[in-house]
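This one's a predicted model, so the numbers in the text were calculated from it and none came from an experiment.
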Amino acid sequence: LRDLVPFLLRYEVPRYDVDLHRALNAFIELVHAADATEPKITRYLKENPEILQLAFGCHELNAETDLEWQYETDREDLRPDFMPVKMDGFADIVEFKLPWLKGKPVVGPATRTKPSAEVDTALAQIDEYEEWCAQDVNRRWLEEEKGIRVHAPMTYLVIGHRNEFTAEDRQRFRKRRNAIIVTYDEFVEMARMHLYRMR
């Protein structure tokens, strides 16, 4: 504890960034607009990477990296929205979908609920990323060609708003499909929390 006190006294809290605050507010307006699209959202985040960096605590984002299958297959190559690199030097995968769902995210009777077709399609895309990253030959190619290291990446799906999902539903999805579902409201709160810590 004695060693921690001098560190805390020397530690300089980053200065509050007014421009970044404006950029985050503009993002909030974007994801609440009726005409919001996935390309608009990802393009805005590419142009304002600090928002994603704040939310996920990373520096290197790797936007829209082509993931080419390194063996003969009729499957199309993949392109996740972002592959943010963590402090350990390995990348995760973040995929953004529409902020407004077309219907309920969970369908079926109470005893046999399942993701709606809309949510299931998004989760299937996450499954493909995981399958690609599970192959040694793909991972080696990615590190050699793009300088990005992956190994069992955390996969995040940003979709919908808080009032469309229950926390229980999202936990069920994660248990079945190993994807962490984050609503746009939570994504904004993650970024805002770190922004407001600046002085």
Side-chain angles (χ1 to χ4, degrees), residues 1-21 23-24 27-28 31 41-68 78-97 122-123 125-159 167 170-171 173-175 177-199:
L1 184 60
R2 277 178 290 180
D3 293 335
L4 182 61
V5 173
F7 170 78
L8 291 174
L9 292 174
R10 290 193 311 268
Y11 182 74
E12 184 176 347
V13 178
R15 294 196 175 277
Y16 184 80
D17 191 327
V18 175
D19 290 334
L20 182 51
H21 180 78
L24 182 58
F27 179 76
I28 294 169
V31 299
I41 291 167
T42 53
R43 184 167 57 248
Y44 188 87
L45 289 171
K46 282 173 66 177
E47 293 169 356
N48 298 274
E50 299 88 349
I51 296 172
L52 196 56
Q53 291 166 330
L54 281 172
F56 286 99
C58 59
H59 296 287
E60 190 179 340
L61 294 177
N62 301 305
E64 297 181 331
T65 301
D66 289 318
L67 304 181
E68 301 174 16
L78 308 175
R79 184 183 286 180
D81 289 334
F82 296 95
M83 297 183 72
V85 177
K86 299 171 294 189
M87 290 178 65
D88 63 5
F90 285 84
D92 288 332
I93 292 177
V94 181
E95 188 71 18
F96 287 84
K97 292 301 178 188
L123 290 170
Q125 192 172 357
I126 295 291
D127 291 344
E128 277 202 295
Y129 296 147
E130 285 194 323
E131 185 177 344
W132 192 95
C133 293
Q135 309 294 323
D136 283 337
V137 64
N138 291 334
R139 293 199 305 270
R140 283 198 302 271
W141 172 85
L142 183 63
E143 184 170 358
E144 290 168 5
E145 292 295 318
K146 315 271 187 177
I148 302 171
R149 293 193 294 168
V150 291
H151 183 74
M154 300 289 286
T155 50
Y156 297 88
L157 175 63
V158 184
I159 185 173
R170 286 181 291 151
Q171 284 299 321
F173 294 161
R174 182 178 180 184
K175 193 171 183 180
R177 306 290 283 276
N178 200 36
I180 300 171
I181 294 182
V182 178
T183 66
Y184 277 88
D185 306 290
E186 290 166 324
F187 174 75
V188 166
E189 283 181 10
M190 289 159 63
R192 183 183 280 155
M193 178 183 69
H194 289 97
L195 176 61
Y196 287 175
R197 288 178 64 187
M198 298 179 180
R199 64 186 176 124

>> Parallel, tilted or perpendicular: which one describes the rings of Y184 and F27, with boundaries at 30° and 60°?
In response: tilted

> Can you name the residues that form a salt bridge (charged side-chain N to carboxylate O under 4.0 Å, His left out) with E186, not counting sequence neighbours?
Replying inline: R170

> How far apart are the closest heavy atoms of F56 and M190, and which atoms are they?
Replying inline: CE2-CE, 4.0 Å

Side-chain donor-acceptor pairs under 3.5 Å in residues 144-159, sequence neighbours left out?
| unit_1 | atom_1 | unit_2 | atom_2 | d |
| --- | --- | --- | --- | --- |
| T155 | OG1 | N178 | O | 3.1 |

>> For E95, give me all partners under side-chain hydrogen bond (donor to acceptor under 3.5 Å, both in side chains), at least two apart in sequence or on another chain.
In response: Q125, Y129

> If you round to the nearest 0.5 Å, how far is CG of N48 from CG of L54?
Replying inline: 11.0 Å

>> Can you list everything that forms a side chain to side chain contact (heavy atoms under 4.5 Å, CB included) with E189? Sequence neighbours excluded, please.
In response: R162

> What pairs with Q135 under side-chain hydrogen bond (donor to acceptor under 3.5 Å, both in side chains), at least two apart in sequence or on another chain?
Replying inline: none

>> What's the separation between atom CG in L45 and atom CG in L61, rounded to the nearest 0.5 Å?
In response: 9.0 Å

>> According to salt bridge (charged side-chain N to carboxylate O under 4.0 Å, His left out), does anything in residues 43-55 pair up with another residue at least two apart or in another chain? List the pairs.
In response: K46-E64

>> Going by the rule salt bridge (charged side-chain N to carboxylate O under 4.0 Å, His left out), which residues pair with E130 if we only count those two or more places apart in sequence or in a different chain?
In response: none

> Can you name the residues that form a side-chain hydrogen bond (donor to acceptor under 3.5 Å, both in side chains) with N138, not counting sequence neighbours?
Replying inline: none

>> How long is the straight-line distance from CH2 of W132 back to CD of E68, given to the nearest 0.5 Å?
In response: 8.5 Å

> What's the verdict on ring pair (Phe, Tyr, Trp, His ring centres under 6.0 Å) for F96 and Y44, showing C-alpha distance, side-chain angles and the deciding distance?
Replying inline: CA-CA 12 Å; F96 287 84; Y44 188 87; over 10 Å; no

>> What's the separation between atom NZ in K97 and atom CD1 in I41, rounded to the nearest 0.5 Å?
In response: 10.5 Å

> What are the two closest heavy atoms between P80 and L78, and how far apart are they?
Replying inline: CD-C, 4.0 Å

> T42: what forms a side-chain hydrogen bond (donor to acceptor under 3.5 Å, both in side chains) with it, not counting sequence neighbours?
Replying inline: none

> Do L20 and Q53 have side-chain heavy atoms sitting under 4.5 Å apart?
Replying inline: no

>> For a quick test of reading the model, state the closest non-hydrogen atom pair linking V85 to C58 and the distance between them.
In response: O-CB, 3.3 Å

> Any salt bridge (charged side-chain N to carboxylate O under 4.0 Å, His left out) pairs touching residues 78-89, not counting sequence neighbours?
Replying inline: D66-R79, K86-D88, K86-D92

